[in-house]
**Q** 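Okay, here's the structure, questions in a sec.
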Amino acid sequence: SQKIEQNSEALNIQEGKTATLTCNYTNYSPAYLQWYRQDPGRGPVFLLLIRENEKEKRKERLKVTFDTTLKQSLFHITASQPADSATYLCALERRQAGTALIFGKGTTLSVSS
Amino acid sequence: DAGVTQSPTHLIKTRGQQVTLRCSPKSGHDTVSWYQQALGQGPQFIFQYYEEEERQRGNFPDRFSGHQFPNYSSELNVNALLLGDSALYLCASTQVARLEGDTQYFGPGTRLTVL
(Lines give C-alpha, C1' and ligand atoms only; values in the text may rest on other atoms or scores of the structure.)
Protein backbone atom coordinates (compact mmCIF):
# COMPACT_ATOMS: atom_id res chain seq x y z
CA SER A 1 0.00 0.00 0.00
CA GLN A 2 1.04 3.62 -0.46
CA LYS A 3 2.86 5.06 2.48
CA ILE A 4 4.36 8.44 3.40
CA GLU A 5 6.62 8.75 6.41
CA GLN A 6 8.11 11.80 8.01
CA ASN A 7 10.93 10.29 9.91
CA SER A 8 10.55 12.01 13.23
CA GLU A 9 7.56 13.32 15.07
CA ALA A 10 9.58 15.99 16.83
CA LEU A 11 12.81 17.83 16.15
CA ASN A 12 14.45 20.20 18.64
CA ILE A 13 17.26 22.51 17.52
CA GLN A 14 18.96 25.68 18.65
CA GLU A 15 18.41 29.04 17.04
CA GLY A 16 20.76 29.67 14.13
CA LYS A 17 21.21 26.00 13.25
CA THR A 18 19.89 24.28 10.15
CA ALA A 19 16.82 22.11 10.58
CA THR A 20 16.53 19.12 8.24
CA LEU A 21 13.24 17.26 7.94
CA THR A 22 12.80 14.04 5.99
CA CYS A 23 9.89 12.69 3.98
CA ASN A 24 10.00 9.15 2.58
CA TYR A 25 7.37 7.44 0.46
CA THR A 26 6.72 3.98 -0.91
CA ASN A 27 4.54 2.52 -3.67
CA TYR A 28 3.97 5.92 -5.13
CA SER A 29 5.14 7.95 -8.13
CA PRO A 30 4.26 11.55 -7.36
CA ALA A 31 4.41 14.25 -9.98
CA TYR A 32 4.83 16.91 -7.31
CA LEU A 33 5.88 17.04 -3.72
CA GLN A 34 4.82 19.90 -1.50
CA TRP A 35 5.73 21.13 1.96
CA TYR A 36 3.31 22.92 4.25
CA ARG A 37 3.63 24.60 7.61
CA GLN A 38 0.90 24.21 10.22
CA ASP A 39 0.59 26.13 13.46
CA PRO A 40 -1.53 24.72 16.32
CA GLY A 41 -5.26 24.96 15.60
CA ARG A 42 -4.71 26.48 12.16
CA GLY A 43 -4.89 25.23 8.59
CA PRO A 44 -1.71 24.26 6.71
CA VAL A 45 0.07 26.99 4.78
CA PHE A 46 1.86 26.20 1.52
CA LEU A 47 5.64 26.70 1.53
CA LEU A 48 7.27 25.04 -1.45
CA LEU A 49 6.48 22.76 -4.36
CA ILE A 50 9.00 20.66 -6.27
CA ARG A 51 8.37 18.70 -9.45
CA GLU A 52 9.53 15.14 -10.09
CA ASN A 53 12.12 16.34 -12.61
CA GLU A 54 13.59 18.93 -10.25
CA LYS A 55 16.37 18.09 -7.81
CA GLU A 56 16.28 21.17 -5.62
CA LYS A 57 14.17 24.26 -4.96
CA ARG A 58 14.93 27.26 -2.78
CA LYS A 59 12.93 30.08 -1.26
CA GLU A 60 14.67 32.47 1.12
CA ARG A 61 15.89 30.31 4.05
CA LEU A 62 14.04 27.23 2.82
CA LYS A 63 15.42 24.50 0.58
CA VAL A 64 13.74 21.33 -0.65
CA THR A 65 15.36 18.39 -2.42
CA PHE A 66 13.56 15.58 -4.22
CA ASP A 67 15.19 12.25 -5.02
CA THR A 68 12.78 10.03 -6.94
CA THR A 69 15.28 7.15 -6.91
CA LEU A 70 15.51 7.14 -3.12
CA LYS A 71 11.83 8.15 -2.90
CA GLN A 72 12.78 10.86 -0.47
CA SER A 73 12.51 14.60 0.03
CA LEU A 74 14.55 16.67 2.45
CA PHE A 75 13.34 20.01 3.75
CA HIS A 76 15.92 22.41 5.17
CA ILE A 77 15.47 25.62 7.16
CA THR A 78 18.75 27.49 7.48
CA ALA A 79 19.51 30.02 10.22
CA SER A 80 16.45 28.78 12.10
CA GLN A 81 14.52 31.12 14.37
CA PRO A 82 12.06 30.49 17.22
CA ALA A 83 9.33 31.76 14.86
CA ASP A 84 10.02 28.72 12.66
CA SER A 85 8.62 26.48 15.42
CA ALA A 86 5.62 24.67 13.91
CA THR A 87 4.57 21.36 12.39
CA TYR A 88 5.82 20.76 8.87
CA LEU A 89 3.83 18.50 6.57
CA CYS A 90 5.01 16.72 3.46
CA ALA A 91 2.35 16.11 0.78
CA LEU A 92 2.44 14.15 -2.46
CA GLU A 93 0.37 14.71 -5.54
CA ARG A 94 -0.14 12.30 -8.42
CA ARG A 95 0.28 13.23 -12.07
CA GLN A 96 -3.19 14.41 -12.95
CA ALA A 97 -3.87 18.02 -12.05
CA GLY A 98 -6.62 18.51 -9.54
CA THR A 99 -5.99 15.33 -7.60
CA ALA A 100 -5.97 14.99 -3.87
CA LEU A 101 -2.91 15.56 -1.75
CA ILE A 102 -1.65 12.71 0.38
CA PHE A 103 -0.09 14.02 3.58
CA GLY A 104 2.42 12.63 6.01
CA LYS A 105 1.85 12.90 9.75
CA GLY A 106 4.16 15.87 10.04
CA THR A 107 7.26 16.74 12.03
CA THR A 108 6.98 19.23 14.88
CA LEU A 109 9.97 21.53 14.92
CA SER A 110 10.94 23.44 18.06
CA VAL A 111 13.63 26.10 17.79
CA SER A 112 14.98 27.31 21.10
CA SER A 113 16.75 30.62 21.62
CA ASP B 1 -8.70 39.40 -1.12
CA ALA B 2 -10.31 37.02 1.34
CA GLY B 3 -8.72 33.64 1.65
CA VAL B 4 -10.59 30.43 2.36
CA THR B 5 -13.19 30.88 5.07
CA GLN B 6 -14.93 28.20 7.11
CA SER B 7 -17.81 28.19 9.54
CA PRO B 8 -18.38 27.49 12.30
CA THR B 9 -15.03 27.66 14.07
CA HIS B 10 -15.96 25.15 16.73
CA LEU B 11 -18.82 22.71 17.09
CA ILE B 12 -19.87 20.24 19.76
CA LYS B 13 -22.27 17.44 18.90
CA THR B 14 -23.37 14.18 20.45
CA ARG B 15 -23.16 10.71 18.96
CA GLY B 16 -25.78 9.99 16.34
CA GLN B 17 -26.38 13.61 15.44
CA GLN B 18 -25.78 15.19 12.06
CA VAL B 19 -23.52 18.17 11.28
CA THR B 20 -23.01 20.57 8.38
CA LEU B 21 -19.80 22.49 7.87
CA ARG B 22 -19.40 25.33 5.39
CA CYS B 23 -16.58 26.64 3.26
CA SER B 24 -16.06 29.58 0.91
CA PRO B 25 -13.08 29.21 -1.42
CA LYS B 26 -10.44 31.80 -2.15
CA SER B 27 -11.47 34.30 -4.79
CA GLY B 28 -10.91 32.92 -8.29
CA HIS B 29 -10.79 29.29 -7.16
CA ASP B 30 -13.28 26.77 -8.51
CA THR B 31 -12.33 23.54 -6.75
CA VAL B 32 -12.91 22.68 -3.12
CA SER B 33 -11.47 19.75 -1.20
CA TRP B 34 -12.28 18.61 2.31
CA TYR B 35 -9.80 17.01 4.68
CA GLN B 36 -10.14 15.47 8.14
CA GLN B 37 -7.26 15.94 10.54
CA ALA B 38 -7.26 13.94 13.75
CA LEU B 39 -5.03 15.07 16.60
CA GLY B 40 -1.38 14.33 15.88
CA GLN B 41 -2.08 13.17 12.32
CA GLY B 42 -1.74 14.69 8.89
CA PRO B 43 -4.84 15.78 6.97
CA GLN B 44 -6.72 12.94 5.27
CA PHE B 45 -8.55 13.58 2.03
CA ILE B 46 -12.33 13.18 2.21
CA PHE B 47 -13.51 14.38 -1.21
CA GLN B 48 -13.16 17.08 -3.83
CA TYR B 49 -15.81 19.09 -5.66
CA TYR B 50 -15.56 20.78 -9.03
CA GLU B 51 -18.42 22.10 -11.17
CA GLU B 52 -20.84 21.11 -8.41
CA GLU B 53 -19.91 17.46 -8.69
CA GLU B 54 -17.82 15.14 -6.56
CA ARG B 55 -14.67 14.50 -8.57
CA GLN B 56 -12.69 12.32 -6.23
CA ARG B 57 -13.33 10.61 -2.95
CA GLY B 58 -11.02 9.30 -0.27
CA ASN B 59 -11.57 6.31 1.94
CA PHE B 60 -14.48 7.68 3.95
CA PRO B 61 -17.91 6.09 4.49
CA ASP B 62 -21.12 7.31 2.90
CA ARG B 63 -21.99 9.10 6.15
CA PHE B 64 -19.75 11.82 4.77
CA SER B 65 -21.38 13.72 1.94
CA GLY B 66 -20.93 17.10 0.37
CA HIS B 67 -22.22 19.69 -1.98
CA GLN B 68 -20.84 22.52 -4.07
CA PHE B 69 -22.93 25.53 -4.98
CA PRO B 70 -22.83 27.61 -8.19
CA ASN B 71 -20.75 30.27 -6.39
CA TYR B 72 -18.15 27.51 -5.66
CA SER B 73 -18.82 27.45 -1.92
CA SER B 74 -19.20 24.01 -0.39
CA GLU B 75 -20.75 22.08 2.47
CA LEU B 76 -19.61 18.95 4.23
CA ASN B 77 -22.30 16.87 5.91
CA VAL B 78 -21.66 14.08 8.35
CA ASN B 79 -24.53 11.85 9.49
CA ALA B 80 -24.78 9.51 12.46
CA LEU B 81 -21.77 11.03 14.17
CA LEU B 82 -19.31 8.76 15.93
CA LEU B 83 -16.80 9.63 18.64
CA GLY B 84 -14.06 8.98 16.07
CA ASP B 85 -15.36 11.79 13.88
CA SER B 86 -13.93 14.30 16.36
CA ALA B 87 -11.27 16.15 14.40
CA LEU B 88 -10.29 19.38 12.70
CA TYR B 89 -12.10 19.58 9.35
CA LEU B 90 -10.17 21.54 6.77
CA CYS B 91 -11.43 23.01 3.55
CA ALA B 92 -8.93 23.74 0.78
CA SER B 93 -9.43 25.47 -2.54
CA THR B 94 -7.53 25.62 -5.79
CA GLN B 95 -8.02 26.24 -9.49
CA VAL B 96 -8.36 23.02 -11.43
CA ALA B 97 -6.88 24.55 -14.55
CA ARG B 98 -3.57 25.45 -12.92
CA LEU B 99 -0.52 24.39 -14.84
CA GLU B 100 1.58 24.18 -11.69
CA GLY B 101 1.02 21.51 -9.11
CA ASP B 102 -2.22 21.52 -7.24
CA THR B 103 -1.22 23.86 -4.43
CA GLN B 104 -4.01 23.94 -1.92
CA TYR B 105 -5.05 27.02 0.02
CA PHE B 106 -6.45 25.92 3.35
CA GLY B 107 -9.00 27.54 5.59
CA PRO B 108 -8.59 27.77 9.36
CA GLY B 109 -10.69 24.66 9.90
CA THR B 110 -13.71 23.69 11.98
CA ARG B 111 -12.98 21.87 15.21
CA LEU B 112 -15.69 19.22 15.67
CA THR B 113 -16.03 17.49 19.02
CA VAL B 114 -18.39 14.52 19.30
CA LEU B 115 -19.43 13.59 22.84
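So that the names make sense, note that chain A is the first sequence line, chain B the second, and so on, each numbered from 1.
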**Q** Would you say CG of B:Asn71 has more than 12 non-hydrogen atoms from neighbouring residues, nucleotides or ligands within 6.0 angstrom?
**A** yes

**Q** May I ask you to check whether B:Tyr35 and A:Phe103 place their ring centers less than 6.0 Å from one another?
**A** yes

**Q** Are B:Tyr89 and A:Ile102 connected, step by step, through hydrophobic side chains (Ile, Leu, Val, Met, Phe, Trp, Tyr) whose heavy atoms are closer than 4.5 Å?
**A** no

**Q** Under 6.0 Å between the ring centres of B:Phe106 and A:Phe46?
**A** no

**Q** Would you indicate whether B:Leu39, at its atom CG, is surrounded by more than 12 heavy atoms from other residues, nucleotides or ligands within a distance under 6.0 Å?
**A**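 No, the 6.0 Å shell around CG holds no more than 12 heavy atoms from other groups.
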
**Q** Grouping I, L, V, M, F, W and Y whenever their side-chain heavy atoms are under 4.5 Å apart, do A:Ile50 and A:Val45 come out in a common cluster?
**A** no

**Q** Does CD in A:Glu9 sit with more than 12 non-hydrogen atoms of other residues, nucleotides or ligands closer than 6.0 Å?
**A** no

**Q** Could you report the tightest heavy-atom contact between B:Leu88 and A:Arg42, atom names first, then the distance?
**A** CD2-O, 4.2 Å

**Q** Which heavy atom of A:Gly43 sits nearest a heavy atom of B:Leu90, and at what distance?
**A** CA-CD2, 3.7 Å

**Q** Using a cut-off of 6.0 Å, state whether more than 12 heavy atoms not belonging to B:Arg63 lie near its atom CZ.
**A** yes

**Q** How many angstroms lie between CG in A:Leu101 and CZ in B:Phe45, if you round to the nearest 0.5 Å?
**A** 9.0 Å

**Q** Would you say the side chain of A:Leu89 lies within less than 4.5 Å of the side chain of B:Pro43, judging by non-hydrogen atoms?
**A** yes

**Q** If I measure from the heavy atoms of chain A, does B:Gln37 come under 4.5 Å with its side chain, its backbone, both, or neither?
**A**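 Just the side chain, heavy atoms under 4.5 Å.
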
